[in-house]
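One structure below.
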Amino acid sequence: MLNLKFIQDNPDVVIEKLKKKNFDATAIVESITELYRKKNNLQTQADQAKAEMNKISKEIGILFRGGKRAEADAAKTRTSELKENIKQYDQQFSEIEGKVNELLVLLPNLPHESVPAGKGADDNEVVKSGGEMPQMEATALPHWELAAKYNLIDFELGVKLTGAGFPVYRGKGARLQRALINFFLAEATKAGYEEVQPPLMVNEASGFGTGQLPDKEGQMYHVGIDNLYLIPTAEVPVTNIYRDVILEAKDLPYKNTAYSACFRREAGSYGKDVRGLNRLHQFDKVEIVQVAHPDKSYEILEQMVAHVEGLVQKLELPYRILRLCGGDMSFTSALTYDFEVYSAAQGKWLEVSSVSNFEAFQANRLKLRFREDGSKKPQIAHTLNGSALALPRIVAALLENNQASEGIRIPKVLVPYTGFEMI
RNA sequence: GGAGAGAUGGCAGAGUGGUCGAUUGCGGCGGUCUUGAAAACCGUUGUACCGAGAGGUACCGGGGGUUCGAAUCCCUCUCUCUCCGCCA
């Protein structure tokens, strides 16, 4: 959520910057600025009326205690009109405030200056590539066939138990999952992130805080009987740790990492790139989250990108880093880097991480603030997060890229975690 | 699932209709004292909005009501805790 005062003071900046996200904010911004003015006028009037009312009430109290009942009763007659006015002011005020809030949540975050213009995935900017592209035999198998051949993942069994997109990992497949989770958590811990194990369901307030609600409601599984949502990413519970808190500037940044299962309905995305592990309803992910000082958040974003890059390098996967264009960025992000690894048998780049700076957008919703040393007024902090990493597509690339006639090779760095070198 | 209790400032915990935005203690910050620290003592210490400022308004879980006036009374919702039952 953008800052209301900022919109009021810089309506043109908001409209101009959002063009890069292919979002025409003109009508919304104009409505907001107009309502804002009305709101302030109403507040001034209401406050004045309330001040007078308070004064009279106090006087009546004093009269009563002094035993001057008649004078007190006389004073009461003046209050009924005031009371009616206050009621009307308050009613109009909350009506307008409600409208402003409805409009505010419609505005996406402003993109950072470095965000390239563009409509979609084709316009993303490749900022870096690394790793060696594997040479594949023509007989190379896609991961879903390898998974079946070595009995690593049973997609059909998942369909029986739950439905499409809920695979069952077994044997060395399950061990590989656990090894990756432990490896990613160990690396994050080494990098100074405190590990947390969050709930896998969140309430509405948390969903709103990080921006999933109200606009992406359809992407989350909803447990209606208790009105809870299955988390689409650990970002939601972990970032919400800091909802409604005021931190000390000297304690920034706060760094957390969490492993969690992630649940996504993926409504409307059937039929494309959904084979095997490419797109699932439930998957595992290790997430990193930071709460940062606004002056430091872009520096920290680069550090987080470097951390993720270290992971794909250690896994010996060919990768590239993209700076997302305005049209491909999420609603909440100011700047996003995506990581893709090359899955050789499919001949496809697969997104395995998304690292974003949300600046004050989430923090504003979360009321996540910090106080500068010696300063009285709290200010809004910045939040960032990134996948480090999402498992399924990493597994897909590992299986495909490392296949050989004698089996599938496990990257050296993972062997202490898997306990085996080959599948 | 059954029964009961409760929700007040960073925390603990008073306050049951009127100078209560809220006693007090702890914690935090500033100071006195000290070579330094501790102790002791003194002071200070919520957030948001409106306003150039002076200042004003709102907030005692959420919403509504009674009243000139509500943290305090009434209604309602949510949440938390305790005990019993069930159970990893």
Side-chain angles (χ1 to χ4, degrees), chain A residues 1-9 32-101 103-104 197 199-209 213-214 222-229 237 240-252 254 261 291 360 363-381:
Chain A
M1 186 162 68
L2 298 175
N3 181 281
L4 182 55
K5 252 184 195 151
F6 180 84
I7 297 172
Q8 180 66 18
D9 296 339
I32 287 176
T33 51
E34 192 190 325
L35 288 168
Y36 183 87
R37 268 194 299 275
K38 276 192 193 161
K39 183 164 94 85
N40 284 0
N41 287 339
L42 269 170
Q43 185 174 349
T44 305
Q45 285 177 290
D47 283 0
Q48 272 170 11
K50 285 176 187 172
E52 198 180 338
M53 190 70 160
N54 288 342
K55 202 177 146 213
I56 293 173
S57 291
K58 241 174 220 178
E59 285 167 2
I60 290 175
I62 291 166
L63 288 172
F64 262 117
R65 263 175 291 132
K68 300 173 181 169
R69 168 97 41 106
E71 286 180 48
D73 284 338
K76 277 187 200 176
T77 59
R78 289 186 287 158
T79 59
S80 60
E81 189 191 350
L82 268 178
K83 213 174 168 182
E84 184 54 35
N85 287 345
I86 289 171
K87 198 172 171 184
Q88 279 183 15
Y89 289 142
D90 279 349
Q91 209 168 356
Q92 289 175 44
F93 182 87
S94 54
E95 212 172 282
I96 289 180
E97 194 179 40
K99 273 187 204 160
V100 169
N101 288 338
L103 290 171
L104 264 181
Q197 232 184 70
L200 301 182
M201 291 197 268
V202 292
N203 55 30
E204 272 183 276
S206 294
F208 177 81
L213 296 175
H222 183 223
V223 182
I225 192 167
D226 291 308
N227 196 25
L228 296 172
Y229 294 87
N240 271 280
I241 290 172
Y242 302 98
R243 170 153 50 86
D244 276 323
V245 296
I246 301 177
L247 306 167
E248 297 288 333
K250 65 174 165 53
D251 297 329
L252 297 174
Y254 279 78
V291 178
N364 210 16
R365 293 175 161 231
L366 292 160
K367 294 191 173 53
L368 161 49
R369 290 162 294 174
F370 73 99
R371 204 190 309 268
E372 206 82 62
D373 277 0
S375 140
K376 197 135 171 56
K377 179 107 175 132
Q379 37 180 327
I380 301 287

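Throughout, a chain's letter reflects where its sequence line sits, starting with A, and its residues are numbered from 1. Just so it is clear, the model here is predicted, and its values are computed rather than measured.
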Sugar-phosphate means primed atoms, P, OP1 and OP2; the rest is base. With that split, encode nucleotides 45-62 of chain B 5' to 3' as B, S or - using protein heavy atoms under 4.0 Å. --SSBS-----BSS----
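The residue A:I60 sits close to a base: some heavy atom pair falls under 4.0 Å.
If you measure from atom CD of A:Q91 to atom C1' of B:G64, you get 13 Å, rounded to the nearest angstrom. Note: CG (A:N203) to C1' (B:U80) measures 14 Å, nearest angstrom. Computed from coordinates, the A:I86 CD1 to B:G65 P distance equals 14 Å when rounded to whole Å. For the pair A:K250 NZ and B:C29 C1', the interatomic distance rounds to 12 Å; values are reported in whole Å.
Between the CD1 atom in A:I380 and the CZ atom in A:R365 there is a gap of 13.0 Å [rounded to 0.5 Å].
B:G53 is unpaired under the Watson-Crick or G-U wobble criterion, no partner having all donor-acceptor distances under 3.5 Å. Across all strands shown, B:C81 pairs with B:G4; the Watson-Crick or G-U wobble distances both stay below 3.5 Å. Under the Watson-Crick and G-U wobble criteria, each requiring two contacts below 3.5 Å, nucleotide B:G21 is left unpaired. When both distances must be under 3.5 Å, the Watson-Crick or G-U wobble mate of B:G10 is B:C26. The base-pairing partner of B:U32, taking Watson-Crick or G-U wobble contacts with both distances under 3.5 Å, is B:A40. Pairing partner, B:U72: none, since no Watson-Crick or wobble contact has both distances short of 3.5 Å. Applying the Watson-Crick and G-U wobble criteria (two distances, each under 3.5 Å), B:C60 pairs with nothing in any strand.
The same atom, C1', is picked in B:G64 and in B:A5; the two are 24 Å apart, to the nearest Å. The gap from the C1' atom of B:U45 to that of B:C26 amounts to 13 Å, rounded to the nearest Å. For the C1' atoms, the distance linking B:G21 with B:U57 amounts to 12 Å, nearest Å. Comparing the same atom, C1', in B:U35 and in B:U44 gives a spacing of 28 Å after rounding to whole Å. Rounded to the nearest Å, the gap between the C1' atom of B:G62 and that of B:G69 is 23 Å. Remark: the separation of the P atoms in B:U78 and B:U66 is 23 Å, to the nearest Å. Comparing B:C42 with B:C49, their C1' atoms sit 35 Å apart, to the nearest whole Å. Here, B:C75 and B:G4 have their P atoms 16 Å apart, quoted to the whole Å.
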Start with the C-alpha distance between A:L42 and A:I96, add both sets of side-chain angles, then the distance that settles side chain to side chain contact (heavy atoms under 4.5 Å, CB included), and finish with yes or no. CA-CA 10 Å; A:L42 269 170; A:I96 289 180; 3.6 Å; yes
Should A:N364 and A:L2 be marked as a side chain to side chain contact (heavy atoms under 4.5 Å, CB included) after you check the CA-CA gap, both sets of side-chain angles, and the distance that decides it? CA-CA 7 Å; A:N364 210 16; A:L2 298 175; 5.6 Å; no
Evaluate the criterion side chain to side chain contact (heavy atoms under 4.5 Å, CB included) for residue pair A:Y242 and A:N240; output intermediate values, then yes/no. CA-CA 5 Å; A:Y242 302 98; A:N240 271 280; over 6 Å; no
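Other residues, nucleotides and ligands contribute over 12 non-hydrogen atoms within 6.0 Å of the CE atom of A:M53. Counted within 6.0 Å of CD on A:E59, heavy atoms from surrounding residues, nucleotides or ligands total more than 12; the atom is thus considered enclosed.
Between A:M53 and A:K87, it is A:K87 whose nearest contact on RNA chain B lies nearer the 5' terminus.
Residues A:N203 and A:S206 bring a donor and an acceptor atom of their side chains to less than 3.5 Å of each other.
In this view, A:K38 and A:E34 satisfy the salt bridge (charged side-chain N to carboxylate O under 4.0 Å, His left out) rule, not counting sequence neighbours.
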